[in-house]
Amino acid sequence: MDKSKRLFLKPKRSFRRRLPPIGSGDRIDYRNMSLISRFISERGKILSRRVNRLTLKQQRLITIAIKQARILSLLPFLNNEKQFAKTESTPRTTGPRTRNKINPRTRNKIKRNR
């Protein structure tokens, strides 16, 4: 191959093959909390298949197991600590309350309809 053609070839990247997140011995079950908790975000949401690197069948089983664990209250539906933190209420600083001004014609129509 000519040197001029070699310039356009991309160098081959070597990459390390990642291990599958679920081993062959792991059983996908709602009771297996150590396994299930790996596939939930900090907020308590189920992570997508692309992020988890799972097969379609594994993702379905994980989703079902997470939902079962939530129903049996082994997992929270939402993991939101901010929700329970006490927030200070700020007083409203609006001017004095004024009566809503209504067009006199409209006021007359309202009186007639009563």
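Under a hydrophobic clustering in which Ile, Leu, Val, Met, Phe, Trp and Tyr are joined whenever their side-chain heavy atoms come within less than 4.5 Å, directly or via other members, Met33 and Tyr30 fall into the same cluster. Taking hydrophobic clusters as Ile, Leu, Val, Met, Phe, Trp and Tyr residues chained together by side-chain heavy-atom distances below 4.5 Å, Leu75 shares a cluster with Leu72.
With sequence neighbours excluded, the residues that form a side-chain contact (heavy atoms from CB on, under 4.5 Å) with Arg38 are Asp26, Leu35. Checked against side-chain contact (heavy atoms from CB on, under 4.5 Å), Leu47 has the following partners two or more places apart in sequence or in another chain: Ser41, Val51, Asn52. Listed by chain and number, the residues in a salt bridge (Lys or Arg N to Asp or Glu O under 4.0 Å) with Arg31 are Asp29 (sequence neighbours excluded). Scored by the side chain to side chain donor-acceptor pair (under 3.5 Å) test, Arg60 finds no partners at all (sequence neighbours excluded). For Ser24, there are no side chain to side chain donor-acceptor pair (under 3.5 Å) partners two or more places apart in sequence or in a different chain. In this structure, the side-chain contact (heavy atoms from CB on, under 4.5 Å) partners of Ile46, at least two apart in sequence or on a different chain, are Gln59, Thr63, Ile66, Arg70.
Taking CZ of Phe77 as the reference point, atom NZ of Lys67 lies at 10.0 Å (rounded to 0.5 Å). Note that OG1 of Thr55 and CD1 of Ile22 are 7.5 Å apart. Values are rounded to the nearest 0.5 Å.
Across all non-hydrogen atoms, the minimal contact from Arg49 to Leu54 is NE-O, 3.1 Å.
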inquiry  = Under the criterion side chain to side chain contact (heavy atoms under 4.5 Å, CB included), I'd like the reasoning laid out for Ile36 against Leu74: C-alpha separation, chi angles, the key distance, then a yes or no.
reply    = CA-CA 11 Å; Ile36 289 176; Leu74 299 173; over 6 Å; no
